[in-house]
Amino acid sequence: MSESASEPVNESASEPLSGSASEPAPSTTQPAAPALLIGVRLSATGDAGELFADAKAIEAAGADSLWVDAVDGDPYVVLAALAAVTWRVRLVARGAPTDVAARETCANLARGRLVVAEDSKERWTESAFPASRVAWDELRNASTAAGLTGVVLPNDPRLIDLLRNPDIIEARDDLKLSFG
């Protein structure tokens, strides 16, 4: 999947208070560098209900993509099921069989969100879940400096907080209350 360049949007255009037909000033801001995308590797080896709940929560938290590897079963079957409970997140098959019929069926059910990792021109790296916020920041900085499109992380109970608050590098001891 190729990267698309976004054009800067001039949001300062508004109607003048007086009836003049003056043009708004041109935007002088530079387009921001593309943000590092976050993918989440899911495993279909556990409870299906948990898998679907996790997929919905991960999508709501802002992840770019859900990844399923062939070592965990047929990625097309798992991703087709995930397509039914998600609406925005990209669905990435890695190591998928070359079964054209299964791929086309999954692509149809995914409504254009299916990506086959081996066919993509994007550059991703897979990483273990960061041990700390400092490690997370270092991983993001190194990946961005290397010109990578994104990082694939394993599903982890701490992932939602990381996705929702990517720039906070402080102790989050308050989260222990939710675990009991």
Within the distance-only criterion (no hydrogens, no angle test), does the side chain of [X] pair as donor or acceptor with the backbone N or O of [Y] below 3.5 angstrom?
X      : Y      : answer
Asp69  : Asp72  : no
Thr149 : Arg123 : yes
Glu118 : Gly95  : yes

>> Once side chain to side chain contact (heavy atoms under 4.5 Å, CB included) is applied, do any residues pair with Ser132, and if so which ones, sequence neighbours excluded?
In response: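 Applying side chain to side chain contact (heavy atoms under 4.5 Å, CB included) to Ser132 gives Val134, Ala135.
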> What pairs with Pro97 under side chain to side chain contact (heavy atoms under 4.5 Å, CB included), at least two apart in sequence or on another chain?
Replying inline: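 With neighbours one apart ignored, the set is Asp74, Pro75, Tyr76.
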>> Please evaluate residues Ile58 and Ile160 with respect to the criterion side-chain contact (heavy atoms from CB on, under 4.5 Å), reporting the C-alpha separation (whole Å), side-chain torsions for both, the decisive distance (0.1 Å), and the verdict.
In response: CA-CA 6 Å; Ile58 291 165; Ile160 302 300; 4.1 Å; yes
To the nearest 0.5 angstrom, please state how far the [atom1] atom of [X] sits from the [atom2] atom of [Y].
X      : Y      : atom1 : atom2 : answer
Ile38  : Ser143 : CD1   : OG    : 8.0 Å
Leu148 : Trp124 : CG    : CH2   : 10.0 Å
Asn155 : Leu51  : CG    : CG    : 8.5 Å
Leu139 : Leu36  : CG    : CG    : 7.5 Å

With the side chain counted from C-beta on, respond yes when [X] and [Y] share a heavy-atom pair under 4.5 Å apart, and no when they do not.
X      : Y      : value
Val40  : Trp67  : no
Ser120 : Val92  : no
Arg103 : Asp119 : yes
Ser43  : Thr45  : yes
Leu153 : Val151 : yes

>> Between Arg113 and Thr86, is the side chain to side chain donor-acceptor pair (under 3.5 Å) condition met? List the steps.
In response: CA-CA 10 Å; Arg113 298 180 291 144; Thr86 60; 2.9 Å; yes
Presence of salt bridge, [Y] and [X], under 4.0 angstrom:
X      : Y      : answer
Asp64  : Arg88  : no
Glu138 : Arg133 : no
Glu59  : Arg90  : no

>> Show me the pairs that pass ring-ring contact (aromatic ring centres under 6.0 Å, His included) and involve residues 86-120, at least two apart or across chains.
In response: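 Non-adjacent pairs meeting ring-ring contact (aromatic ring centres under 6.0 Å, His included): zero.
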Same cluster or not: [X] versus [Y], using hydrophobic residues (I, L, V, M, F, W, Y) connected whenever any side-chain heavy atoms lie under 4.5 Å apart?
X      : Y      : value
Val85  : Val89  : yes
Leu91  : Val77  : no
Leu42  : Phe129 : yes
Leu109 : Val78  : no

> Between Leu159 and Pro154, what is the shortest heavy-atom contact and its length?
Replying inline: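 Leu159 and Pro154 have their closest heavy atoms at CD2-O, 4.4 Å.
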> Nearest heavy-atom pair of Leu79 and Cys106: which atoms, and what distance?
Replying inline: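 Looking at all heavy atoms of both residues, the closest pair is CB-SG, 3.9 Å.
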